Structure formats: structure tokens, C-alpha cells
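Report on one structure; see the data block that follows.
Keep in mind the model is a prediction, meaning the values are calculated, not measured.
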Amino acid sequence: MAEAIRSGRITIGTLAGPILILLVLGMMTLPLPTLLLDLLFTFNIAMSMIVLLAALFALNPLDFSAFPSVLLVTTLLRLSLNVASTRVVLLEGHAGPGAAGHVIEAFGNFLVGGNYAVGIVVFVILVIINFVVITKGAGRIAEVSARFTLDAMPGKQMAIDADLNAGLIGEDEARKRRSAIAQEADFFGSMDGASKFVRGDAIAGIIITVLNVLGGLVIGMMQHDLDFATAAETYTLLTIGDGLVAQIPALIISTAAGVVVSRVTTDEDLSQQLMRQLFSRSQVLYITGSILALLGVIPGMPHVAFLFMAAVLVGAGYAVDRRARVEPPPPPPPPPPPEVAEVSWQDVAPVDVLGLEVGYRLIPLVDKAQDGELLRRIRGIRKKFAQEMGFLVPAVHIRDNLELKPNGYRITLKGVEAGAGEVFMGQFLAINPGRAIGTLQGVTTKDPAFGLPATWVEAGQREQAISMGYTVVDAGTVVATHLSSVIQSNAADLLGREELQALLDHLSKESPKLIDELVPKVVALGTLQKVLANLLSEGVHIRDMRTILETLAEHAPRVQDPDELTSAVRVALSRAIIQSVQGGTGDLQVIALDPALEQVLMQAAQSRGAEGAGLEPNLAENLLKQAAKLVQDQDSVGRPSVLMVPAPLRALLSRFLRRAAPQLKVISLAEIPDSRTIKVVAVLGGRA
């Protein structure tokens, strides 16, 4: 409706809902004249008939997917009519049977013959039929259907994926079928809950009837000086008429609910199914007619009724046989099979650079139609990364994957899993940063992004977890943080040729001559990509592309090795590197190499040059252990881990130590600005 108001297109359809709600509220609060009450009761009966006929002509339950909401609205309408009629009956009932309107009078006199005892019995029978038989059965069918629909959902989704992968259906058809499966599960779940409205309506009808009778007796005898017999007859007839005029539509609506939930999806409506399956076999009609004929000739039986019905059934069987003997027209020739299209390059699906796959329970997080919060978070992650690192990562391709757990997700990088986890919507992940007090009740796990101990807790425990020192985040934040961590740690792999060319095109708007003279005349695009990837792999941002390109323009005519060019660029970016490693202007606290180890490493670098290939296995293992221990010690005192080494060893040690201590930043002496004072806080080296 809000969209219709904004667009200026307000129709009867958009106003029907608000008008109906206002009508319900008005009937509950305002006194109504008897003429309007008659019209509303008639409208209620007509509405119940419309609902029943719509249910009969529906080919499958989803053709009437609005039925749960219709059930709620019609129940509210009946209850509001009960309130309005109760007010009229109690206020004007002493004036006679017609005081509450002609509809209530007709149901109280014509249907039960003016006998309130008969009326009470009929009313109770209708309530029992509605409450015990139809409503209870329909609710049970909806409950079982909802459970089996949910259990069958993964199999149906897999069948859709199989058809899609086999090329039998397209993406649009697959999306339509998935939507139909989800709607079917939602429908039966809603019907399971909506049946409780009908049950409550039946109970409310009994209570309202008892209260009306008792209230009418008290009001008639005490306020209008009626004797007990007159008050009982007058108010009971009015109450029974009121109850019947409400319960008959309720019975019709309940029947419609039973028809909808018990329908089997076919291309025929219920009437066509009944005619085809019950009355299309002449043998069944002949046998039934013969049995009725035998019963009709037994002395004491009602001969006319049995023999008449036997004749009707035999005649119907003869008509079915006669229609079957008529030669049916030849069936139309089958359509030619569709030609199988030739295999083309369109059938080769490209690998997504960045992908996020989710289980079916996490689809609301990434569904545009449901305003998935994770979509906004992913856009924020890409924007923040571009601002911090200096280039735009590819878009994240999101899809559902039935091979995952219902609450599972998987992050892929160029088609390969780069991270995975499991989150629970509606719950919160309480992460222990190391200083939390006490334990929480819930599912114990680990934070998928950083591996910290964590616990999934219910929403009611959120405030308690925060007060105990836990970091509490929701499911969308967990996935977004994990995705951000994967993007940060794999930044070098995300800078491809296409992303680099887009970055250069953007820079050419500000510095066109620098780009034109350097790339590809002086530095090949592949060499530039390798240099930038080297920087990103060690956490160095490339926002200052002007400095990077000017440095390459200076050194590239003499050197083309990407590693040597990277070292030159790092020296040019020394201030930014040191600022990101250890901000401020005070002493630069570093870890130094043991002189003996430094000499051994220099010899290894000169002789072999590979990542630790020139080291003895014991020395290499001991070096990795010591580096991990030093990083842990530096973290415990809140100090960044920075290893200062000679320039020839920087790239070698950075790659070698990254496997054991990824937080350790390796810098060379040439990268330290003259304005910073060096303070050695630890030494790395020596044999175990």
C-alpha cells in the first residue's frame, strides 16, 4: 500500500485490507443498527461461501496461498460480529425476537422451529463437528504436511539442481521451482498455526453463547421485569440464532481449510476429481445399485427410497458404458522432440574469483527479497577494503548449496574453499577474547575467522554474555567477519590482470602521462602485477600508487626482477610501512637477529636462495619455533611483532617465517626512516 501511495495509484484493492480492519474495529466498539448488522451477517455468509468455492476450484494448495491470512481475517470478522450482536441482543432483546435483526430472528425461528432447546442441541452439534472433527483433522493434516514438506525439501532442491546441471531447465525455471518449494513449506507451516484460530473461535463461540444466555436472563429479569420463562425463551432464542448465524460460516470455512490441506496437486479441481474417480467406472455403479435393490425388496425396508436410488445408479452405470463405447477422437500426434542444442562455449561456466555458498537455512541472510542484511555487509566490506588497500576486489558471487549443512556456509577463492563455518540465525556468538569471566550455556565452538573459543547462545543470554566480558555478534556479523578475514589474507590473489587494468584506468584520469610512459613501455603489466602482489602478500597497502609507479619508473630501466623491484618500492614506502607496523613517532621496538644466525642465513641466501632450502632441518625447525614463541610473548605485552633484518634476507625470511608466525612483520634496515630510533626488545637466533 505504501508503494501505491507513493506512486499515486490507490485502488479498491489496495484499500480493501485497511477498510476491513477498520470495519472489524468498528463492529467491536460502536453500536450498530439492526439493518447494518443484517448486511454484515449476510456478507459473512457470502464470504464463507466464496472461500469454500475458491478452495474447491484450486488445483493445488499454492493456488490459494493466501488461505491462512483469509482464515485469520474471517475469524476476526466472525468474532467482531459476535461482539456487535451480543451488544444488540442484551440491549434490545426484551423487545422481542426481531430486536437483533431479521437474520438472527430467521436463524432462531426458522432453522430450529422457535424451540430454544432444539436450537441449543443443534448449536452444540455444529460446534462439535467444527471443533472435534473438521478443525482437528485439518490441523493434523497441515502439521504432518508441513513436516514432510520440510523433510522433502533437500531432495527436491537436489532434483532441481540436477535438472539444471543436465541442461533440462534454465536458471529462471530453477529459480521458480525453488520459490514454489519454499512457498509450499511456508504454506503448510502457516496452515498448521492458522488452524488454531478456528479452534479458538469454536471455544469462543461456546463461551459467548453461555454468557449471552446468562446475561440475558439477568438483564431481562432485573432490568426489564420479565419473568424467568419469558426471559429464558426470548434471550435463548436470540442467542442461539446469533450462535448459528456465526457457526454456520465457521463450519463452511473449516470445511474449506480441510479441502485445501487435503488436496493432492493435479491439473483438475476437486469436482472434476470426484466425478472422474467416483463415478467413471460402471462396475462400481452396477454393484452398488444391485446391493441397494436387494435391500429395497427386504420386507420392512423403505422400498421406494432404496429402489429409486438403485435405479438411478444402474442408469448412471449404463450411461458411463454407453459413453465409453463411443469411439474417442484420435489423439493429436506427439510434438517433435526438441532439438538438442550443440555444445558451445556458453556451456563452460567460469570460476568465480570470490564466492559465498550458504545452506538453505541461511538463505534469508542473502536474499534480496527478504532484505538480507549480509548483502549490505558485503558491500561495506568491499568498500572498506578498497579504502584501506587501494584496489577494488571482485564482486562476491553468492549461491545456495544443498550439499552444505542447513546452517553451514563456505567461502571460495577461485573455486577452491578458503574458509567454512556454521552459524545459527536467531542466536548470537559469544567470543572469548581472553578476558571473559565464567562460562555460558550453549553450543561450544570456535570463531571461524580467528579461531578464538566461542559459544552460540540464545538471544536472552546476550546481555549476560556482554556483562561477563564476551564479544557478542550475530550470525550475519560472523559470516561477514570471516569473509573480510579471507579477503585480507588473500589480497595478493585477488589482484588479477582485470583488477589491475581497472586500477590503472582509474589512475590515468589523474596522472595520464605517468601511466602512458610507464605501462607497458617500461614495466610490463605482468611485472607490475607481481610487484603489487608481493606488497599485498605482506600486508602493505597500494593506495600510494603514484610513489609506487615513480619508483618503478626509476629502477625498471636497469632491473626487471619483480623481487628486486619490490624491495625498491618498499624502501620508497618505508614511512607508510613503519606507520602501519608501529604507529607514532617514538622508538621503533624491533626483534633483531642473532649475529651468528645472521651469518648462517647470509651464507644460505648466497648459496641456495630458496625459502630456507640452505638451512639444516633442525635449525629451520628451531627457528620457526622461536619465531612463534617471540610473537606470542610480544602479543602478551601488547607490543607489535617486528623483525629487523639485513636487506638481502628480508624477502627470504618473510616468506619462510610466514608459515609459523603470520603476524610477524619482517622489515629491512633500509626501510627504517632516519627519524625513527631503533630499540631492540628481543633477539631471534641460536640452536635449540
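A distance-only check finds a donor-acceptor pair linking the side chain of Thr566 to the backbone of Pro562 [under 3.5 Å]. No donor-acceptor pair under 3.5 Å is formed between the side chain of Ser654 and the backbone N or O of Ala651. A donor-acceptor pair is defined here as one N or O able to donate and one able to accept, closer than 3.5 Å; such a pair exists between the side chain of Arg650 and the backbone of Val666. Glu499 places a side-chain N or O within donor-acceptor distance of the main-chain N or O of Gly496, the cut-off being under 3.5 Å.
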Side-chain donor/acceptor pairs under 3.5 Å, residues 396-403, sequence neighbours excluded:
from: His397; atom 1: NE2; to: Arg399; atom 2: NH2; distance (Å): 3.3
from: Arg399; atom 1: NH1; to: Asp352; atom 2: OD2; distance (Å): 3.3
from: Asn401; atom 1: OD1; to: Glu403; atom 2: N; distance (Å): 2.9
from: Asn401; atom 1: ND2; to: Glu357; atom 2: OE1; distance (Å): 2.8

For residues 431-443, run the donor-acceptor check on the side chains, cut-off 3.5 Å, and write out each pair with its distance to 0.1 Å, sequence neighbours left out.
from: Asn432; atom 1: OD1; to: Gly434; atom 2: N; distance (Å): 2.9
from: Asn432; atom 1: OD1; to: Ala436; atom 2: N; distance (Å): 3.2

If you look only at distance, which donor and acceptor atoms sit under 3.5 Å apart when one is on a side chain in residues 485-494 and the other is two or more places apart or in another chain?
from: Ser489; atom 1: OG; to: Ser485; atom 2: O; distance (Å): 3.0
from: Ser489; atom 1: OG; to: Val486; atom 2: O; distance (Å): 3.2
from: Asn490; atom 1: ND2; to: Val486; atom 2: O; distance (Å): 2.8

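Evaluation of the ring-ring contact (aromatic ring centres under 6.0 Å, His included) test over residues 485-509, restricted to residues two or more places apart or in two chains, returns none. Counting only residues at least two apart or on different chains, the ring-ring contact (aromatic ring centres under 6.0 Å, His included) pairs with a member in residues 447-472 are Phe424-Trp456.
Looking only at atom types and distance, the side chain of Asp505 has a donor-acceptor partner in the side chain of Gln501 under 3.5 Å away.
In terms of heavy atoms, Val478 sits closest to Pro448 at CG1-CG, 3.6 Å.
In this view, Arg175 and Asp172 satisfy the salt bridge (charged side-chain N to carboxylate O under 4.0 Å, His left out) rule, not counting sequence neighbours.
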